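The chain is numbered in sequence order, starting from 1. Predicted model only: the values in this text are computed from it and were never measured.
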Amino acid sequence: MLDIDFGTYPYVTSSNTGVAGVCTGLGIPPTRIGKVIGVVKAYTTRVGGGPFPTELHDADGERLQTIGAEVGVTTGRKRRCGWLDLVVLKYSHLINGYSSINITKLDVLDTFPKIQVATAYKLNGKVLESFPADLKVLGEVEVQYESLPGWESDISKCRKFEELPVDAQKYVKFIENFLGTKVEWIGVGASRDAMIQIP
């Protein structure tokens with residue numbers, strides 16, 4: 001959502017952060033692009049201003065920020081944190097055409113008994129068909145959530161999908177089913193090898 005063309009302008013960066021940036025920024029021809037992997041956290045974060053419908057201004061938001069060590073590398077600012085926004089992710093998938101998804105920081109959700117996932121936006125009681133192009137509208141939407149059970153256990157040692165707690169597996173499958181795209185990678189910890197690859 002920080003893409004200068006498709007993000008929440010003017011609250012964006014100065015470049016194309018989507019897959020098209022590979023062509024415009026590196027001079028790689030579109031015909032040379034094969035697999036496109038979408039990298040997304042298991043929750044949503046943002047640095048700086050702009051509408052953020054799933055932002056949490058409570059203890060859960062603080063927990064995500066603290067456990068996830070959500071601090072901007074360059075600025076040192078705390079990142080704003082919220083529940084995973086599948087409306088945003090679906091829009092991102094529309095723009096980038098992901099072959100598969102890499103979910104990072106799933107372990108940050110280890111201690112939450114309940115996890116909310118945004119599945120739709122409403123405005124004046126009506127569900128919007130897609131991500132709004134108007135920032136004013138985005139700032140006024142009501143978020144529709146799906147509540148999922150947490151797994152409340154340490155997943156950092158898991159290296160196979162089957163080793164994840166059942167509710168963690170269900171969380172991943174929920175994302176997959178909503179997007180209609182395979183989750184291929186899952187980050188479960190801070191170490192380099194704390195990664196699950198799903199064949």
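Between Leu138 and Pro53, the closest side-chain pair of non-hydrogen atoms falls below 4.5 Å. The shortest distance between side-chain heavy atoms of Asp3 and Thr13 does not fall below 4.5 Å. At a threshold of 4.5 Å between non-hydrogen side-chain atoms, the residues Ile155 and Pro165 count as touching. At least one side-chain heavy atom of Thr8 sits under 4.5 Å from a side-chain heavy atom of Arg46. Taking 4.5 Å as the limit, some side-chain heavy atom of Leu84 sits within range of a side-chain heavy atom of Tyr171. The side-chain heavy atoms of Tyr98 and Ile37, taken from C-beta on, include no pair separated by under 4.5 Å. Contact check for Asp167 versus Lys170: side-chain heavy atoms found under the 4.5 Å cut-off. Counting heavy atoms from C-beta outward, Tyr145 and Thr119 have side chains that stay 4.5 Å or more apart.
Atom CG of residue Leu148 and atom NZ of residue Lys114 lie 8.5 Å apart, to the nearest 0.5 angstrom. Distance check: Cys81 SG to Asp58 CG gives 11.0 Å after rounding to the nearest 0.5 Å. If you take NZ on Lys41 and CG on Asp85, they are separated by 14.0 Å, rounding to the nearest 0.5 Å.
For the pair Lys173 and Phe161, the cation sits on the ring face: its NZ or CZ lies under 6.0 Å from the ring centre, inside 45° of the axis.
Under the 4.0 Å criterion applied to side-chain N and carboxylate O atoms, Lys105 and Glu70 are assigned as salt-bridge partners. One finds a salt bridge joining Glu184 and Lys35 here, because a Lys/Arg side-chain nitrogen approaches an Asp/Glu carboxylate oxygen to under 4.0 Å.
Checked by atom type, the side-chain pair Thr44/Arg79 shows no donor-acceptor distance below 3.5 Å. There is a side-chain donor-acceptor pair under 3.5 Å between Arg63 and Thr111. No side-chain donor-acceptor contact under 3.5 Å links Tyr43 and Thr54.
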* To do: Any chance you could lay out the side chain to side chain contact (heavy atoms under 4.5 Å, CB included) test for Glu140 and Leu123, step after step, and finish with the verdict?
  => CA-CA 7 Å; Glu140 295 174 358; Leu123 187 67; 4.0 Å; yes
Check the pair Ile103, Ile175 against side chain to side chain contact (heavy atoms under 4.5 Å, CB included), reporting the backbone distance first and the verdict last. CA-CA 10 Å; Ile103 299 175; Ile175 296 167; 3.7 Å; yes
Let's go through Trp83 and Ile115 carefully: what are the C-alpha distance in whole Å and the side-chain angles of both, what is the deciding distance for side chain to side chain contact (heavy atoms under 4.5 Å, CB included) to 0.1 Å, and is it a yes or a no? CA-CA 8 Å; Trp83 297 122; Ile115 299 166; 4.0 Å; yes
- After noting the C-alpha distance and the side-chain angles of Glu163 and Arg159, does the key distance pass the salt bridge (charged side-chain N to carboxylate O under 4.0 Å, His left out) rule? CA-CA 7 Å; Glu163 293 174 2; Arg159 295 297 178 269; over 6 Å; no
Practice task
Apply side chain to side chain contact (heavy atoms under 4.5 Å, CB included) to the pair Glu55 and His57, showing each step before the final yes or no.
Solution key: CA-CA 7 Å; Glu55 184 174 9; His57 301 280; 3.4 Å; yes
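Ring pair Phe131/Tyr121 is tilted by interplanar angle, where 30° to 60° counts as tilted.
Partner of Cys23 under the side-chain contact (heavy atoms from CB on, under 4.5 Å) criterion, chosen from Ile33, Asn16, Thr31: Ile33.
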